[in-house]
Amino acid sequence: MNVLAIDTSNQAMGVALLKDDEIIGEMVTNIAKNHSVRLMPAVEKLMTEVSLTPDQLDKIVVAKGPGSYTGVRIGLSIAKSMAWALGIPVVGVSSLEVLAYQGRFFDGYVFPFFDARRGLVYTGIYQSQGSRLRLVYEEKNLSMEDALLKLKEDHKKVLCLSPDIIKHKDSIHRVLGDLAIIPEGPFHIANPGFLGLAGLYKEADQTHTLTPNYLRLAEAEAKWLQAQKENK
Amino acid sequence: MSKDTIILGIETSCDETAVAIVKNGTEIISNVVSSQIESHKRFGGVVPEIASRHHVEQMTLVLEQAFDEGQITWNEIDAIAVTEGPGLVGALLVGVNSAKALAFAKQKPLVGVHHIAGHIYANRLEQEFDFPLLALIVSGGHTELVIMKEHGQYEVIGETRDDAAGEAYDKVARMLGLPYPGGPHIDRLAHEGKETIDFPRAWLEDGSYDFSFSGLKSAVINKIHNAKQRGEMLKDEDIAASFQASVVEVLTKKTLRAAKEYKVKQVIVAGGVAANKGLRTALANAFSETDIPLYVPPLSLCTDNAAMIAAAGTINYWNGKRAGLDLNANASLLLK
Ligand SMILES: [Zn+2]
């Protein structure tokens with residue numbers, strides 16, 4: 001089975017090609033440059049490199065967020081349209097789960113997060129269980145402070161993974177103390193090979209109904225709902 | 001042309017997710033538009049983030065419907081045309097990236113299309129072009145006069161310096177407490193009212209084909225405020241009629257003058273405001289006194305759709321224009 005995995009949900013842009021559970025090609029950049037311009041050429045280049053044509057693909061796996069709203073939509077637009085046109089299944093995997101794969105053999109909590117501005121983060125807590133990652137606490141958009149306090153209650157070692165780790169290092173140490181483990185640079189960047197692997201074991205989504213995992217309402221929508229509440 | 005050219009068109013520049021299949025740039029095979037108006041109504045206008053969210057949810061559904069309704073297979077498609085701009089960048093990105101993915105998956109040529117070129121080419125789905133022609137494009141985002149001497153060549157001779165005509169309509173409608181989108185409501189009210197207020201007409205410098213509607217918009221707002229303060233009763237119908245009279249007169253006179261000066265063989269109207277009855281009637285009257293034929297597309301082709309993008313894209317395709325997989329959305333793309 002030939003699997004194409006794409007991730008444009010955050011700054012790191014990743015493309016991977018897998019033959020079953022083996023990586024045959026992978027490309028990652030971690031620069032602040034336009035995913036819309038660069039993703040399709042990257043897919044084309046990687047496929048040419050490994051001598052695969054689009055009609056030889058059997059499955060597409062896409063990181064469905066959370067992350068940049070626009071970035072997530074670029075990935076989903078491409079994955080859904082390609083899967084639909086080729087008549088092959090598409091699987092959306094949470095971008096947090098993909099990042100959590102970097103702690104796949106960690107004994108304790110794996111704490112992937114993305115900065116969501118104003119003291120907020122997108123996060124979910126994962127734990128290694130047999131050959132899988134299990135979601136312990138559901139994915140949410142919440143304040144970093146609340147997330148850390150909640151983690152502290154469980155007295156478990158916490159592996160912190162995030163492309164925005166530098167911004168939150170101090171508060172992590174302050175709240176979690178010795179419980180926190182913060183690895184070095186490369187661990188904080190999602191790996192598209194792991195995205196492909198995660199998607200390999202998941203049931204396919206319905207191509208038409210696969211939607212981004214925003215974890216947050218559009219601002220206008222949230223304000224509108226708030227106004228409705230206040231009017232009652 | 002020995003063989004037919006069949007183009008798949010994709011349009012997501014604002015709040016319509018649209019896909020169409022068009023033959024030879026003149027014949028619609030299928031034309032599917034998924035409108036989001038209902039979702040934006042409660043916000044009183046299009047919210048870009050919400051529009052983008054809808055596009056990504058609708059795209060493959062609309063694609064499938066276009067192929068089903070057209071009874072077309074991928075083998076028959078010659079190229080994919082997509083709106084690359086102008087428009088809302090987040091919304092455009094969904095269409096552009098979907099189009100690129102399709103082009104790569106099916107190994108088809110990709111063609112970028114300017115949204116306004118699309119509006120102009122909506123007319124060719126009804127009536128063959130005769131050059132030189134003059135196009136008046138009026139919508140929520142645009143008010144432009146464009147001269148075309150041949151296919152795919154555009155010369156913008158006039159454009160708005162501030163608000164687009166449709167924008168002025170929406171703002172005045174909001175002042176009158178009319179629901180979004182306000183244009184059709186003003187048009188309806190205008191027909192029930194009389195032109196009792198003499199609102200300004202912005203002619204600008206002598207000979208200019210540019211437009212300006214922000215002064216008119218302010219004049220309407222001031223008039224309503226002042227009347228309220230004096231306890232004077234103004235009928236909404238009369239405000240609508242007076243406002244519309246100003247917009248329509250400027251649009252009509254400038255279009256007529258340009259048509260004569262450039263000695264065009266055809267005048268075509270495009271864009272959402274082309275659906276406005278007041279404007280249609282005034283233009284029809286003005287041009288009935290000339291020997292220049294005037295064409296206004298049917299309502300379904302005035303508003304945003306993908307058939308017009310496929311139609312304009314057909315010309316680009318014939319002219320050998322191709323976009324690469326690095327095609328990007330361009331919110332402020334110029335018409336050239
Ligand atoms: Zn338009």
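Every chain is numbered from 1, with letters handed out A, B, ... down the list of sequences.
Residues A:Ala85 and B:Lys106 approach most closely at O-CE, 2.8 Å, considering heavy atoms.
The candidate from A:Thr70, A:Ile74, A:Thr211 with the greatest count of non-hydrogen atom pairs under 4.5 Å with chain B is A:Ile74. In terms of heavy-atom pairs under 4.5 angstrom with chain B, the leader among A:Val37, A:Val72, A:Asn34 is A:Val37. In terms of heavy-atom pairs under 4.5 Å with chain A, the best-connected choice from B:Phe43, B:Trp74, B:Phe104, B:Phe67 is B:Phe104. Chain A forms more heavy-atom pairs under 4.5 Å with one residue of B:Val89, B:Val56, B:Val96, B:Leu327 than with any other, namely B:Val56. Chosen from B:Ile50, B:Leu102, B:Asp326, B:Val94, the residue pairing most often with chain A at heavy-atom distances under 4.5 Å is B:Asp326. For the options A:Lys80, A:Met82, A:His208, heavy-atom pairs under 4.5 Å to chain B are most numerous at A:His208.
Going from atom OG1 of B:Thr60 over to atom CD of A:Gln206 covers 10.5 Å, rounded to the nearest 0.5 Å.
Interface remark: A:Arg73 contributes backbone and side-chain atoms alike to the contact with chain B (heavy atom separation under 4.5 Å). Contact annotation for B:Leu63: both backbone and side-chain heavy atoms come within less than 4.5 Å of a heavy atom of chain A. Within the 4.5 angstrom heavy-atom criterion, atoms from both the backbone and the side chain of B:Glu64 approach chain A.
Atom CG of A:Leu225 sits in a crowded spot, with more than 12 heavy atoms from other residues, nucleotides or ligands closer than 6.0 Å. Residue A:Glu22 qualifies as open at atom CD: its count of foreign heavy atoms under 6.0 Å is 12 or below. Around the OH atom of B:Tyr154, the shell of radius 6.0 Å holds more than 12 heavy atoms that belong to other residues, nucleotides or ligands.
A donor-acceptor pair is defined here as one N or O able to donate and one able to accept, closer than 3.5 Å; such a pair exists between the side chain of B:Lys100 and the backbone of A:Ser36.
In this structure, the side chains of A:Ser81 and B:Met59 come closer than 4.5 Å at one or more pairs of heavy atoms.
With salt bridges taken as basic N to acidic carboxylate O contacts below 4.0 Å, one links A:Glu221 and B:Arg42.
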